[in-house]
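Written out below as structure tokens is the structure these notes cover.
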Amino acid sequence: MFAKLMSVLSVHLVLQPEQHFLYYDQVPDSEEWRCACKLATCREVKLRRRVFGTRIDSEVDARDRYASDRLGRCANAQLDLARLDALEPSGGIYLDLDAFVLRPLDTWRHCLPSAVFGRGFVHGPDQLSTGVVLAAPHAAFLARWRESFRAYDTRSWDYGVCNGTTQLASAHPSLVHSAVEFGPLPRYTSRAAYDSHLAAAPIAHLSAFRHPWRLKDVMVHRNLERIWEIIQQSMNSSRARLARADPALGACMQKIAAACWARPGGRCGIYGA
């Protein structure tokens with residue numbers, strides 16, 4: 001989706017990282033994917049099938065969009081282990097593709113306790129969210145998180161407790177900080193309230209896309225339009241430079257700019273590009 005390409009673009013333009021990786025296990029064949037791999041280094045990974053000798057439950061009913069909600073599933077062990085594998089050796093910033101960087105994160109990077117997680121409202125106000133994670137190299141909290149997988153149980157691990165990261169953080173408060181600034185975008189009742197939040201937020205994490213209310217709010221309150229406006233403020237000459245360097249990338253950025261979710265007055269959800 002071009003909305004996800006905008007997430008990659010926000011990292012490239014706003015964070016301007018020395019290294020930027022886009023991890024995948026299956027290659028999508030799409031225009032936006034090819035453009036994303038011009039902005040980041042696309043790196044293949046193998047999702048773990050076992051952890052400490054126990055087979056990981058990776059079964060997902062792709063036909064049932066609301067299967068996770070129905071089953072009370074609020075985490076994914078395979079993806080969490082992929083996050084750990086990406087972050088532990090060198091540290092850095094991990095972002096899901098529904099997270100958009102709106103402002104530099106230098107202040108956060110320079111005062112890391114060990115790791116910073118988002119704190120979200122979707123599964124409770126104090127629940128740690130793994131969609132945005134900042135970590136120092138070999139962060140002690142990440143080591144404890146990995147060690148916690150020794151208790152992995154296919155029947156309960158991804159259901160209800162969300163891998164126990166919240167409980168783990170409560171037990172080791174000096175090793176981790178949870179930040180509402182990096183948590184899922186709260187739900188508001190007006191566009192003005194959403195716009196006010198985005199005007200100050202370092203990151204807009206639009207998690208819960210599988211929920212009908214999130215899709216409706218994105219369209220009715222024009223969340224992506226406002227996010228695109230903020231990202232464009234970081235573009236200026238960069239957009240022209242990228243377009244000149246690669247016409248295909250320029251065409252992708254033009255498609256984002258012309259998407260009905262980015263165009264004032266457009267009426268569509270995240271798929272309208």
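Heavy atoms only: backbone and side chains are in, while hydrogens, waters and symmetry mates are out.
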Next on the checklist: Would the distance check show the side chain of T54 and the main-chain N or O of R50 forming a donor-acceptor pair, the cut-off being under 3.5 Å?
Outcome noted: no

Checklist entry - Is V45 reachable from V27 through a run of I, L, V, M, F, W or Y residues, each pair having side-chain heavy atoms under 4.5 Å apart? => result no

Checklist entry - Does any pair with a residue in residues 31-57 pass ring-ring contact (aromatic ring centres under 6.0 Å, His included), and if so which ones, sequence neighbours excluded? => result Y24-W33

Checklist entry - Salt bridge between R146 and D85, side-chain N to carboxylate O under 4.0 Å? => result yes

Next on the checklist: Check whether Q78 reaches the backbone of R48 with its side chain - one donor and one acceptor, N or O, closer than 3.5 Å.
Outcome noted: yes

Checklist entry - Please walk me through it: do Y94 and D96 pass side-chain hydrogen bond (donor to acceptor under 3.5 Å, both in side chains)? => result CA-CA 7 Å; Y94 173 90; D96 278 352; 2.9 Å; yes

Checklist entry - Any ion pair linking R119 and E181 (charged N to carboxylate O, less than 4.0 Å)? => result no

Next on the checklist: If we check side chain to side chain contact (heavy atoms under 4.5 Å, CB included) with I227, which of these qualifies: V218, L206, L185?
Outcome noted: L206

Checklist entry - When rounded to the nearest 0.5 angstrom, what distance separates CG in L134 from CZ in F182? => result 5.0 Å

Next on the checklist: I'd like to know if R226 and E229 make a salt bridge, using a cut-off of under 4.0 Å between side-chain N and carboxylate O.
Outcome noted: yes

Next on the checklist: Main chain of V101, side chain of S10: is a donor-acceptor contact present, judged purely on distance under 3.5 Å?
Outcome noted: yes

Checklist entry - Is the closest basic N to carboxylate O distance between D217 and R187 below 4.0 Å? => result yes

Checklist entry - Do any N or O atoms from the side chain of R49 and from the backbone of I56 form a donor-acceptor pair under 3.5 angstrom? => result no

Next on the checklist: Please check: side-chain N/O of D158 versus main-chain N/O of A77, any donor-acceptor pairing under 3.5 Å?
Outcome noted: yes

Item to check | F141 versus L175, closest heavy-atom pair with distance | outcome: CB-O, 3.6 Å

Checklist entry - Do F117 and W145 have ring centroids that are under 6.0 Å from one another? => result yes

Item to check | Under 3.5 Å: donor-acceptor pair, side chain of Y194, backbone of Y188 | outcome: yes

Checklist entry - Is the charged tip of R43 near the ring of F21: under 6.0 Å from the six-membered ring centre and within 45° of its axis? => result yes

Item to check | Distance, nearest 0.5 Å, that separates CZ of R83 from CG of N76 | outcome: 7.5 Å

Item to check | E44 CD: over 12 foreign heavy atoms closer than 6.0 Å | outcome: yes

Checklist entry - Would you say the ring centroid of F149 lies under 6.0 angstrom from that of W157? => result yes

